[in-house]
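See structure below.
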Amino acid sequence: MTKHEFKAESKRLLDMMIHSIYSQKEIFLRELISNSSDAIDKIYYKALTDDSLQFDKENYYIKVTVNKDTRTLTISDTGIGMTEEELENNLGIIAKSGSLAFKTENEAKDGHDIIGQFGVGFYSSFMVADVVTVITKPFGSDVAFKWESEGADGYTIETTEKEAIGTEITLKIKENTEEENYDEYLDDYQLQSIIKKYSDFIRYPIKMDVTESRPKEGSEGEFEQVQEEKVINSMVPIWRKNKGELTDQDYEQFYQEKRYGFDQPLKHLHISVDGAIRYNAILFIPERTPFDYYTKEYEKGLELYSNGVLIMNKCGDLLPDYYGFVKGLVDSEDLSLNISREILQHDRQLKLIAKNIKNKITSQLKTMLKNEREKYEQFFEAFGKQLKYGVYSDFGANKDDLQDLLLFYSSKEQKLVTLDEYVSRMPEDQKYIYYASGESYDRIAKMPQTELVQDKGYEILYFIDEIDEFAIKMLMNYKEKEFKSVASGDLGIEDENNKEAEETTAEHKELFEHMKQVLSSKVKDVKVSTRLKTHPVCLSAQGDVTIEMEKILKAMPDNQNIQADKVLEINPNHDVFKALTKAFEQDKEKADLYTNLLYSQALLIEGLPLEDPVAFTNDMCKVMA
């Protein structure tokens with residue numbers, strides 16, 4: 001027996017491995033199984049060049065064995081095994097990767113590739129084990145070797161007996177502590193669950209002796225415990241199957257099996273790319289919004305596999321935030337890994353995959369919008385707000401990708417329409433895309449500010465989501481047509497009314513100056529309205545901040561008291577204006593009363609809170625008296 005010491009840097013790295021690098025202890029099993037799979041792959045490669053070796057896949061497997069009495073867990077394989085030198089190099093120096101070195105010397109054939117980083121992942125065993133024993137017999141040798149270690153103090157290597165070629169790793173599982181329950185790594189059901197979670201698509205069978213309860217033969221109502229060897233993993237992932245072999249039901253079943261949601265997917269994408277970068281992906285567009293979707297607890301991301309081995313449960317870097325609702329997975333053969341399979345090196349390959357996936361989702365949504373309008377509107381009802389956030393976020397960097405996916409309710413069509421559909425219907429004399437913001441379609445339809453635009457026969461888009469105006473401000477224009485709020489100071493269509501308004505303003509200049517003085521702290525201006533037809537009064541806004549935006553900003557936790565520059569507009573053709581001018585001529589106090597009432601009336605129409613409800617009710621009483 002030869003005693004060896006780990007190098008100083010290896011001791012430090014081992015301590016890091018056990019205490020910090022891996023966030024979940026259960027992944028040790030994933031690492032050991034992946035290493036076993038790599039060892040069998042090496043036999044496969046050997047068979048390609050060695051005529052004396054026949055690779056019969058039926059003879060190659062991984063076996064997981066539990067012994068609760070001795071608290072041991074054993075992972076064995078029928079792979080290529082390791083020589084004494086390989087044990088020293090691969091297990092004696094942490095982060096020395098036998099599989100990685102092997103990979104650089106051999107090209108992948110028939111879909112077989114080596115992804116293991118033998119050495120780093122192996123030491124994750126010490127998160128759950130006090131002692132790790134490796135017995136291995138290399139291909140072409142009559143001698144077997146035993147490697148054993150209790151952790152950072154070092155390891156021993158000696159010769160031993162082993163009948164078949166391959167490697168057997170035995171973990172002496174730690175005793176339970178107050179913080180950790182290590183018994184779960186000796187529990188059949190828990191081990192099966194971990195295997196299914198991380199290693200379900202390893203290409204070789206992962207076998208376990210499973211104890212099941214069965215009816216006892218010849219005895220009515222009696223059961224007996226029977227132990228039977230079973231294959232735990234499914235081996236062939238759905239995303240590597242030919243699309244022609246699969247039905248919609250297959251994808252829906254997979255969606256349910258992966259617990260992506262309790263709904264049915266609206267759409268699925270099966271992507272297979274074999275070019276500069278190789279990857280397969282299955283993506284789902286859900287039917288309904290997850291209950292926590294718009295909370296900080298929601299975590300976006302796709303499952304990320306490397307050659308069938310789960311690397312990350314949620315890889316957020318694969319999806320832009322505005323497509324955070326997409327569920328599914330990506331399996332790549334070309335991803336670079338460092339330290340462990342759990343920590344991805346965010347390299348060029350990952351960015352290329354993410355860009356490709358984004359484009360595929362965009363294309364799929366546009367196709368659904370064009371060919372399956374009803375289904376797309378169902379999707380948009382659930383996730384349209386997220387697309388609008390995507391337009392607004394990152395200073396509008398994604399607006400070109402998303403603008404044709406947006407839907408808004410149309411005053412003319414009485415249904416959701418695209419911006420392209422709106423623009424295609426615009427009369428030649430219409431300069432702007434008009435919109436109105438409010439709490440509901442019904443309230444917007446009754447807004448006084450819409451009267452002139454509707455009278456001209458122009459279509460109005462109704463905005464009821466908080467993000468709508470912010471997104472449109474970022475979009476700025478669509479097909480060279482600017483957006484214009486019906487409540488903006490200048491609608492661009494009042495020309496014919498301007499002369500009459502100027503004459504009225506000149507005639508009643510003192511009245512408007514007086515009203516402006518009465519409301520000096522509340523409005524920027526008081527003027528004759530060119531947009532009102534039947535209503536007596538309304539508010540409009542000057543500048544970039546609209547009244548609806550003010551309401552939204554004030555409701556935010558970090559309210560900075562941002563206000564719209566409000567303008568009180570009076571309809572000169574309404575009876576109320578006649579009463580106002582008469583009061584101003586005969587009773588200034590009454591004119592002040594009417595001014596305050598008209599302002600309060602305009603606030604109520606806008607859905608804004610009254611600044612002093614008591615004063616308003618008192619003013620109403622004065623009028624009634």
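Just so it is clear, the values below take in all heavy atoms, side chains as well, and ignore hydrogens, waters and symmetry mates. Small disclaimer: the values here were computed from a predicted structure and weren't measured.
- Among all heavy-atom pairs drawn from Gly438 and Ile444, the shortest one is N-CD1, 3.5 Å.
- Heavy atoms of other residues, nucleotides or ligands lying less than 6.0 angstrom from CD of Gln517 number 12 at most.
- Screening Lys243, Gln364, Lys360 for a side chain to side chain contact (heavy atoms under 4.5 Å, CB included) involving Ile271 leaves a single residue, Lys360.
- Counting heavy atoms of neighbouring residues, nucleotides and ligands inside a 6.0 Å radius, atom CD of Gln586 exceeds 12 of them.
- Taking the six-membered ring for Trp and the full ring otherwise, His268 and Tyr255 have centroids separated by 6.0 Å or more.
- The distance from atom CG of Leu387 to atom NZ of Lys385, rounded to the nearest 0.5 Å, is 12.5 Å.
- Residue Lys327 qualifies as enclosed at atom NZ: its count of foreign heavy atoms under 6.0 Å is above 12.
- Remark: Asp525 CG to Leu568 CG distance equals 9.5 Å, nearest 0.5 Å.
- Environment of NZ in Lys473: crowded, with over 12 heavy atoms of neighbouring residues, nucleotides or ligands closer than 6.0 Å.
- Of the charged side-chain nitrogens involved, none lies within less than 4.0 Å of a carboxylate oxygen, so that Glu377 and Lys415 do not count as a salt-bridged pair.
- Glu451 pairs in a side-chain hydrogen bond (donor to acceptor under 3.5 Å, both in side chains) with only one of the listed residues (His535, Arg531, Lys533), which is His535.
- At a cut-off of 3.5 Å, with distance as the only test, no side-chain donor of Ser411 or Tyr458 sits close to an acceptor on the other residue.
- Here the side chains of Ser393 and Asp321 are not in contact, with every heavy-atom distance at 4.5 Å or above.
- At a threshold of 4.5 Å between non-hydrogen side-chain atoms, the residues Phe470 and Met549 count as touching.
- Within 6.0 Å of atom OH in Tyr392, 12 or fewer heavy atoms from other residues, nucleotides or ligands are found, so the atom counts as exposed in its surroundings.
- Residues Ala281 and Val330 come closest through the heavy atom pair CB-CG2, 4.0 Å.
- Side-chain contact between Asp619 and Val623 is absent, with no heavy atoms from C-beta onward closer than 4.5 Å.
- For the ring-ring contact (aromatic ring centres under 6.0 Å, His included) test with Tyr409, the passing option among Phe463, Tyr435, Tyr462 is Tyr462; the others fail.
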Steps toward side-chain contact (heavy atoms from CB on, under 4.5 Å) verdict (Ile493, Gln430) = CA-CA 8 Å; Ile493 53 176; Gln430 185 178 339; over 6 Å; no

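- Put simply, the side chain of Glu413 does not reach to within 4.5 Å of the side chain of Glu421, judged on heavy atoms.
- The cationic atom of Lys484 (NZ for Lys, CZ for Arg) lies less than 6.0 Å from the six-membered ring centre of Tyr432 and within 45° of the ring axis.
- In this structure, the ring of Phe483 has its center no less than 6.0 angstrom from the ring center of Tyr478.
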Between Leu407 and Tyr376, is a side-chain contact (heavy atoms from CB on, under 4.5 Å) present by the stated rule, with each step listed?
-> CA-CA 10 Å; Leu407 297 178; Tyr376 184 83; 3.8 Å; yes

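- Minimum interatomic distance between Phe284 and Pro265 (heavy atoms only, all atoms of both residues): CD2-CB, 3.7 Å.
- Across all non-hydrogen atoms, the minimal contact from Lys431 to Gly492 is NZ-O, 3.7 Å.
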Pair Thr546-Glu469, side chain to side chain donor-acceptor pair (under 3.5 Å): steps then yes or no = CA-CA 9 Å; Thr546 67; Glu469 274 200 279; 2.7 Å; yes

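- Sparse packing is recorded around CG of Asp544, with 12 or fewer heavy atoms of other residues, nucleotides or ligands lying under 6.0 Å away.
- Ring pair Phe201/Trp239 is perpendicular by interplanar angle, where above 60° counts as perpendicular and below 30° as parallel.
- In plain terms, the two heavy atoms of Asp263 and Glu287 that are nearest each other are OD2-N, 2.8 Å.
- Comment: Lys358 engages Asp401 in a salt bridge, judged by a side-chain N to carboxylate O separation of less than 4.0 angstrom.
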Does the pair Met426 and Tyr422 meet the rule for a side-chain contact (heavy atoms from CB on, under 4.5 Å), with working shown?
-> CA-CA 7 Å; Met426 285 176 60; Tyr422 180 101; 3.7 Å; yes

Show your reasoning for whether side-chain contact (heavy atoms from CB on, under 4.5 Å) applies to Leu593 and Glu589.
-> CA-CA 6 Å; Leu593 174 65; Glu589 190 176 329; over 6 Å; no

Candidate pair Asp250 and Thr247, rule side chain to side chain donor-acceptor pair (under 3.5 Å), full reasoning | CA-CA 5 Å; Asp250 291 325; Thr247 65; 3.2 Å; yes

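- Under a cut-off of 6.0 angstrom, the local environment of CZ in Phe262 is sparse, with at most 12 non-hydrogen atoms contributed by other residues, nucleotides or ligands.
- Contact check for Lys522 versus Asn596: side-chain heavy atoms found under the 4.5 Å cut-off.
- A donor-acceptor contact closer than 3.5 angstrom links the side chains of Gln449 and Glu606.
- Using modelled atom types, one finds no donor on one side chain facing an acceptor on the other under 3.5 Å when comparing Thr595 with Asp592.
- Taking the side chain as every heavy atom from C-beta outward, Ile357 and Leu302 approach each other to under 4.5 Å.
- If you look at His508 and Phe577, their ring centroids are closer than 6.0 Å.
- Between His514 and Phe584, the angle of the ring planes lies from 30° to 60°, which puts this pair in the tilted group.
- Under the 30°/60° scheme for interplanar angles, the aromatic rings of Phe379 and Phe383 are found to be tilted.
- With contacts defined as side-chain heavy-atom distances shorter than 4.5 Å, the pair Val417/Leu461 qualifies.
- Sequence neighbours left out, not one pair with a member in residues 594-625 passes ring pair (Phe, Tyr, Trp, His ring centres under 6.0 Å).
- At a threshold of 4.5 Å between non-hydrogen side-chain atoms, the residues Glu466 and Glu548 do not count as touching.
- Atom NZ of Lys355 has 12 or fewer neighbouring heavy atoms from other residues, nucleotides or ligands inside a 6.0 Å radius.
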